[in-house]
Amino acid sequence: MHHAADYFDQLFEWALQLIRQGDAYVDEQSAEEMRANRGTLTEPGIPSPYRDRDPKESEALFLKMRDGKLAEGAAVLRAKIAMDSPNMNLRDPALYRIRHVPHPRAGTKWCIYPTYDFAHGQSDAIEGITHSLCTLEFEDHRPLYEWLLKKLPVPNRPKQTEFSRLELEGTVTSKRKLNALVSEGHVDGWDDPRMPTIAGMRRRGYSPEGIRLFCERIGVTRKPNTIELQILEGAIRDDLEGRAHKAMAVLDPLKVVVTNWDQPVLDLDVAWHPKRPELGSRTLPFGPELWIDRSDFEVNPPEGFFRLTPGGAVRLKYGFIVDFEGMDVGPDGRVETVYVRYDPATRSGQDQSGRKVKGTIHWVPGTAPRVPINLYDRLFTVPDPGQYEDFSSVLNPASLVVCQGLVEPALLNAMPEAYFQFERVGFFKQDPATVDGQPIFNRAVTLKDAWAKKQ
RNA sequence: UGGGGUGUGGCCAAGUGGUUAAGGCAGCGGGUUUUGAUCCCGCCAUCCGUAGGUUCGAAUCCUACCACCCCAGCCA
């Protein structure tokens, strides 16, 4: 990492040189006067009364600026270019201004600081940069960037190239707006998993490779664009599909009792990934009591529903086919427990029964630990929040839903760097806030769900 | 009504004078499947902002027009 502050001494010397060359002058107009004299888009500006002062006088004033002898706003160093330029950025842009504040890196050494325009190209040159990339709004600054490089004895001449910024549906990407989200407390920080920052995406569970795949898919151009969220999510899914450990978790538990289970708990040995044996396997206990997702049982199933129903049967993934036997319904009409019978001849991997069922659902053992699972969704309810003057009014109140889910016991073991797919649910990763034996999972992205879409 | 940019299918994006306008995402249809996931197959712009023109031939060259974005901070 390099910082412009590392070059403040050199930048100051170069500013002095511009003054001596007659290419810069100290202007003592107020900010308001400068604005008034800058002209408009269609009318040229009016030269400052200080524009043609003796360079020696400018130099003396500039030194006074540096020495803290002038108040903020009392004077500013300006490039002497052209007040009638059709390019507003060339109407004698400010190069240095007085700020009686310490600098986060340079401390209290300076009370004058270079503007973006004066620091940019020269810093690039010092760093030996050959191609300086930035976004389209700086296109109009390129002539200024080049003007400064030409006027100064810089070690090399970087070339500025602009491209369009990346706009993503359902979020904001400008630093200022992101900063507002953080400082106004709408998110927990710059690495909040809902933030479109690298830190946020990593914490959410996006892999570096997935992020790069996304970048490859969207390309780089000079066209204004707004990328659909699906392109990001699709890239993340495509990458995670191949690298995630596959496990089971139940977000909204419904108790299931296997009434004919007449043996000790059966420890199933299940591979972490069906296509990647090198990832190894884990133990998954199957017993008389377990949990399934509430959405996988319907008393009055809609057309095409092939999960568990009264009178129906499903396969419990990696386990057995079970047949519905009965259920307990609470006073509020809510199903509390489902009773099933398992078919011993249908054990996964050694099923010789020939039975076929329409659905296979995920489950966790009755002893499954309960852990917090953060379900993240888009931060905003509209695709273009940046267009709203007060974007906090279109925040998605459900951008984070914390649920207490049940996960298979193997997930209690620390695997902080692993990506997980909770089968039929989505991709997840442990949050860094996880402490020993108390994992917290973040949902990176859901799985595609053709059934949900059909509903 | 100054200057700088950009316009190719729902979203991205190749293509810069010559067969039927790449590819990805999304969508649709079908197959495989102990994840309604993955995977596989097929379909998806007679048309490239609009209108003219040049040419044997144009999304690609010319002209005009239209639309949208950026610039009047001592912000970056």
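Residue numbers begin at 1 in each chain, while the letters A, B, ... track the order of the sequences.
Here A:A31 lies in heavy-atom contact (under 4.0 Å) with a base. Looking at heavy-atom distances under 4.0 Å, A:G359 makes no contact with the nucleic acid at all. Residue A:Q350 is classed as having no contact, given no heavy-atom separation below 4.0 Å to the nucleic acid. Residue-level contact check: A:G234 touches neither bases nor backbone, having no heavy atom under 4.0 Å from any strand. Nucleic acid contact for A:K317: base, since at least one base atom lies under 4.0 Å from a heavy atom of the residue. Within 4.0 Å of A:R38, counting heavy atoms only, lie sugar-phosphate atoms of the nucleic acid but no base atom. Using a 4.0 Å heavy-atom cutoff across all strands shown, A:G242 reaches no nucleic acid atom at all. If you check every strand for non-hydrogen atoms under 4.0 Å, A:F138 touches a base. Looking at heavy-atom distances under 4.0 Å, A:M34 makes contact with a base. A:Y113 comes within 4.0 angstrom of nothing in the nucleic acid, heavy atoms only. Using a 4.0 Å heavy-atom criterion, one finds that A:F305 contacts the bases of the nucleic acid, with or without backbone contacts as well. The residue A:R347 sits close to a base: some heavy atom pair falls under 4.0 Å. If you check every strand for non-hydrogen atoms under 4.0 Å, A:H141 touches a base. Residue contacts shown for A:K358 are absent, as no nucleic acid heavy atom lies under 4.0 Å away.
In terms of heavy atoms, A:V364 sits closest to A:A249 at CG1-CA, 4.0 Å. A:I129 and A:P158 make their closest contact through O-CB, 3.3 Å (heavy atoms, listed as atom of the first residue, atom of the second, distance). Nearest heavy atoms, A:N260 versus A:R341: OD1-CA, 3.3 Å.
B:G18 and B:U55 have their C1' atoms separated by 12 Å, given to the nearest Å. Here, B:C66 and B:C12 have their P atoms 25 Å apart, quoted to the whole Å. On the P atoms, B:C71 is 41 Å away from B:U54, given to the nearest whole Å. As rounded to the nearest Å, B:C40 and B:G24 have P atoms that lie 11 Å from one another. Nucleotides B:G49 and B:G2, compared at atom P, are 24 Å apart to the nearest Å. To the nearest whole angstrom, the two C1' atoms, one in B:G73 and one in B:U63, are 40 Å apart. Taking the C1' atom of each, B:G30 and B:C11 are spaced 25 Å apart, rounded to whole Å.
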Quick one, give me the B/S/- string for nucleotides 6-15 of chain B, reading 5' to 3', where B means a protein heavy atom under 4.0 Å from the base and S means that only happens at the primed atoms, P, OP1 or OP2. SSB-BBSBS-
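A salt bridge is absent between A:R443 and A:D377: the closest approach of a Lys/Arg side-chain nitrogen to an acidic carboxylate oxygen does not fall below 4.0 angstrom. Looking at A:K246 and A:E241, a side-chain N of the basic residue comes within less than 4.0 Å of a carboxylate O on the acidic one, giving a salt bridge. Taking the charged nitrogens against the carboxylate oxygens, A:K109 and A:D9 do have a contact shorter than 4.0 Å, which makes a salt bridge. We find that A:R307 and A:D293 are not joined by a salt bridge, their nearest charged nitrogen and carboxylate oxygen being 4.0 Å or further apart.
Considering only side-chain atoms of A:E241, the nucleotide from B:U35, B:G27, B:G4 that sits closest is B:U35. Minimum atom distance to the side chain of A:S348 is reached by B:U34, of the listed B:C74, B:U34, B:A37. Of the candidate nucleotides B:U34, B:G36, B:A26, B:G36 has the atom nearest to the side chain of A:R307. Proximity note for A:F306 (side chain, C-beta onward) versus B:U35, B:U38, B:G36: the nearest is B:G36. Here B:G36 is the nucleotide among B:U34, B:A76, B:G36 with the atom lying nearest to any side-chain atom of A:W451. The side chain of A:M88 lies closest to B:G2 when the candidates are B:C70, B:A37, B:G2.
For B:A76, the base is not stacked against the aromatic ring of A:Y116, per a cut-off of 5.5 Å between centres and 30° between planes.
Atom CZ in A:R78 sits roughly 11 Å away from atom P in B:G73 (whole-Å rounding). Following rounding to the nearest Å, A:K356 (NZ) and B:G36 (P) show an atom-to-atom distance of 15 Å. Going from atom OH of A:Y318 over to atom C1' of B:U33 covers 13 Å, rounded to whole Å. If you measure from atom NZ of A:K246 to atom C1' of B:U34, you get 13 Å, rounded to the nearest angstrom. For A:D238 and B:U38, the CG to C1' distance is 9 Å, given to the nearest whole Å. The distance between atom CG of A:L240 and atom C1' of B:U38, rounded to the nearest whole Å, is 13 Å. In this entry the distance linking CG of A:L144 with P of B:A72 reads 13 Å, nearest Å. The distance between atom CG of A:D343 and atom P of B:U34, rounded to the nearest whole Å, is 16 Å.
Between A:R424 and B:G36 there is a side-chain polar atom (N or O) within less than 4.0 angstrom of OP1 or OP2. At B:A76, none of the side-chain N or O atoms of A:K175 fall inside 4.0 Å of OP1 or OP2 (strictly under the cut-off). Contact between the side-chain N/O atoms of A:K454 and the OP1/OP2 oxygens of B:C28 is not found at any separation under 4.0 Å. Considering only side-chain N and O atoms, A:R142 lies nowhere under 4.0 angstrom from the phosphate OP1 or OP2 of B:C71.
Taking the six-membered ring where tryptophan is involved, the planes of A:F138 and A:H141 are perpendicular, since the angle between them exceeds 60° and thus also 30°.
Here A:R315 contributes atom CZ and A:R355 contributes atom CZ; the two are 9.0 Å apart, rounded to the nearest 0.5 Å.
Searching all strands for a Watson-Crick or G-U wobble partner of B:G27 with both distances below 3.5 Å returns B:C43. The partner of B:A67 is B:U6, by the rule that a Watson-Crick or G-U pair needs both atom distances under 3.5 Å.
The base of B:G4 is not paired with the side chain of A:N87 by any donor and acceptor separated by under 3.5 Å.
Comparing A:P86 and A:E423 by the nucleotide of RNA chain B that holds the closest heavy atom to each, the one mapping nearer the 5' end is A:P86.
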